[in-house]
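What follows is one structure encoded as structure tokens, with my remarks underneath.
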Amino acid sequence: MKIDILTLFPDFFINPLNESIVGRAIDKGKIEVETINIRNYALNKHRQVDDYPYGGGSGMVLKADVLISAINDIKKVNSWVIYMSPQGKVLNQKKVKELSEKSHLVVLCGHYEGVDERALTEVDEEISIGDYVLTGGELPALVLTDAVTRLIPGVLGDDNSAIDESFTDYLLEYPHYTRPAEFNGLKVPDILLSGHHENIRLFRKKQSLLRTLIKRPDLLLSKEFDEEEEKILKEILFDREYS
Ligand code: 4GX
């Protein structure tokens, strides 16, 4: 997997891409990430990349001719071109999975008031990272890169099956505990100390389902349930009605 990030601020990416799991994934060659300065594609002698909006108004607009020559230079036959924008569909784990299966992503980061609408003729998909307004597409591009990187085989460990099933995608994590077994009178649930792996697995799954139901019921609308989850959910409903 290769990710090319088109930005006016390549320095923004230096530290984030060298740290932690993404940094290690790049070092191990699991993923290649390149940042490309949009200014390299400026066409006139002033190296101009933006201009005033037709019709007036505040802010500057990234020029379509510059962006299109940049995208066309970078793009190959199997590339998928993404524009980070609040007008896109909001990123979720299903989309992250889909993108992680592509061989080449080109991510365009807009700034100022955005890009000349005609640049979008070279864009395959607009993606938002959430319904709030940032100063540019750089943080969204990093969010996308991070989320995609952890799904690349070998990045998190040898076994990717545990993290990319559609069943686990829309469930919150079960609660985690480490030593000591009791702290300020707060105990670790007995079952986690029992060594009974099957019971522990079922306890965790029930906790995940309950937490999602209470904290983020909206996630369950996107979720597929396996047989075991349906059984646990029925138990939860049954307990509620009859106790
Ligand atoms: N999820 N931004 C894009 C430039 C812009 C301005 C107006 C289109 C119209 C964002 C987000 C986000 C800030 C990136 C504005 N583009 N991107 N930028 N939320 O807020 O992806």
Side-chain angles (χ1 to χ4, degrees), residues 1-7 9-38 70-86 88-110 122-130 134 136-174 176 201 204-205 208 212 216 219 222-226 229:
M1 152 77 77
K2 167 98 194 276
I3 304 181
D4 279 322
I5 301 172
L6 264 169
T7 172
F9 303 97
D11 289 352
F12 202 101
F13 296 85
I14 296 172
N15 280 308
L17 293 180
N18 281 310
E19 297 291 337
S20 189
I21 293 169
V22 175
R24 204 168 342 120
I26 294 170
D27 288 345
K28 286 197 289 183
K30 305 286 179 198
I31 184 162
E32 195 185 337
V33 184
E34 193 178 337
T35 54
I36 298 146
N37 197 331
I38 293 169
I71 293 168
N72 284 334
D73 184 47
I74 292 163
K75 168 154 109 168
K76 293 172 275 184
V77 271
N78 287 319
S79 306
W80 189 249
V81 183
I82 297 164
Y83 175 46
M84 303 311 302
S85 147
K89 268 217 303 213
V90 176
L91 187 64
N92 62 20
Q93 193 62 20
K94 182 171 173 234
K95 176 60 71 181
V96 171
K97 179 84 201 305
E98 203 181 296
L99 296 176
S100 75
E101 285 158 7
K102 307 234 181 241
S103 57
H104 184 211
L105 300 178
V106 178
V107 183
L108 172 61
C109 307
E122 293 300 323
V123 167
D124 295 306
E125 187 171 29
E126 275 183 89
I127 296 179
S128 166
I129 62 157
L134 301 165
E138 284 74 17
L139 285 168
L142 279 169
V143 167
L144 187 85
T145 300
D146 188 286
V148 164
T149 299
R150 67 183 283 287
L151 294 189
I152 304 294
V155 167
L156 287 189
D158 295 330
D159 181 21
N160 255 40
S161 62
I163 54 162
D164 64 8
E165 299 167 46
S166 61
F167 301 114
T168 52
D169 283 351
Y170 293 95
L171 279 186
L172 299 181
E173 285 266 297
Y174 51 77
H176 300 275
R201 192 182 65 77
R204 286 177 165 167
K205 199 151 202 187
S208 284
T212 313
R216 289 294 309 279
L219 290 179
S222 311
K223 185 176 158 47
E224 303 169 53
F225 295 98
D226 64 20
E229 288 164 343

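All residue numbers refer to positions in the sequence shown, counting from 1. What you see below is based on every heavy atom in this structure, not just the backbone, and it leaves out hydrogens, waters and symmetry mates. Keep in mind it's a predicted model, so treat the numbers as computed, not measured.
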Any residue meeting side-chain hydrogen bond (donor to acceptor under 3.5 Å, both in side chains) with S85, in chain and number order, not counting sequence neighbours: E126

Looking at every heavy atom in both S100 and V148, which two are closest together, and how far apart are they? CA-CG1, 3.9 Å

Under 4.5 Å between any side-chain heavy atoms of I26 and I31, yes or no? yes

Least distance between heavy atoms, V107 atom then A141 atom: CG1-CB, 3.8 Å

Does any non-hydrogen side-chain atom of L144 lie less than 4.5 Å from one of I3? no

Any idea which heavy atoms bring Y170 and Q93 closest together, and the distance? OH-N, 4.0 Å

Going by heavy atoms in the side chains, are I129 and L134 under 4.5 Å from each other? yes

All heavy atoms of I38 vs all of C109, minimum pair found to be CD1-O, 4.0 Å

Side chains of I127 and M84: closer than 4.5 Å at any heavy-atom pair? yes

Can you sort out the partners of F13 under ring pair (Phe, Tyr, Trp, His ring centres under 6.0 Å), two or more places apart, ordered by chain and number? none

Applying side chain to side chain contact (heavy atoms under 4.5 Å, CB included), can you list everything that pairs with D73, at least two apart in sequence or on another chain? Y41

Going by the side chain to side chain donor-acceptor pair (under 3.5 Å) test, which pairs reach into residues 13-23, not counting sequence neighbours? none

All salt bridge (charged side-chain N to carboxylate O under 4.0 Å, His left out) counterparts of K28, not counting sequence neighbours: none

In Å and rounded to the nearest 0.5 Å, what is the CG to OH distance from L6 to Y83? 12.0 Å

I need the F9 CZ to I14 CD1 distance, nearest 0.5 Å. 13.5 Å

Applying side-chain contact (heavy atoms from CB on, under 4.5 Å) to E125 and L99, what does each step give before you reach the verdict? CA-CA 11 Å; E125 187 171 29; L99 296 176; 4.1 Å; yes

List the residues meeting side chain to side chain contact (heavy atoms under 4.5 Å, CB included) with D146, not counting sequence neighbours, and say none if there are none. V22

Interatomic distance, K223 atom NZ to L171 atom CG [nearest 0.5 angstrom]: 4.0 Å

Shortest non-hydrogen separation from K30 to V155 and the atoms involved: CB-CG2, 3.7 Å

Over all atoms of both residues, closest heavy-atom pair of G136 and P140: O-CD, 3.5 Å

Side chain to side chain contact (heavy atoms under 4.5 Å, CB included) against P10, all qualifying residues, sequence neighbours excluded: T7, T35, N37

Any side-chain to backbone donor/acceptor pair from T212 onto L172? Under 3.5 Å, distance only. yes

Applying side-chain hydrogen bond (donor to acceptor under 3.5 Å, both in side chains), name anything that partners R216, two or more places apart in sequence or on another chain. D218

State which residues pass salt bridge (charged side-chain N to carboxylate O under 4.0 Å, His left out) with E173; sequence neighbours excluded, sorted by chain then number. none

Any salt bridge (Lys or Arg N to Asp or Glu O under 4.0 Å) involving residues 100-109? Give me the pairs, sequence neighbours left out, ordered by first then second residue. K97-E101

Measure the spacing between CE of M1 and OG of S103 and express it to the nearest 0.5 Å. 7.5 Å

Across all chains, not counting sequence neighbours, the side chain to side chain contact (heavy atoms under 4.5 Å, CB included) partners of S79 are K75, K76, H104, V106

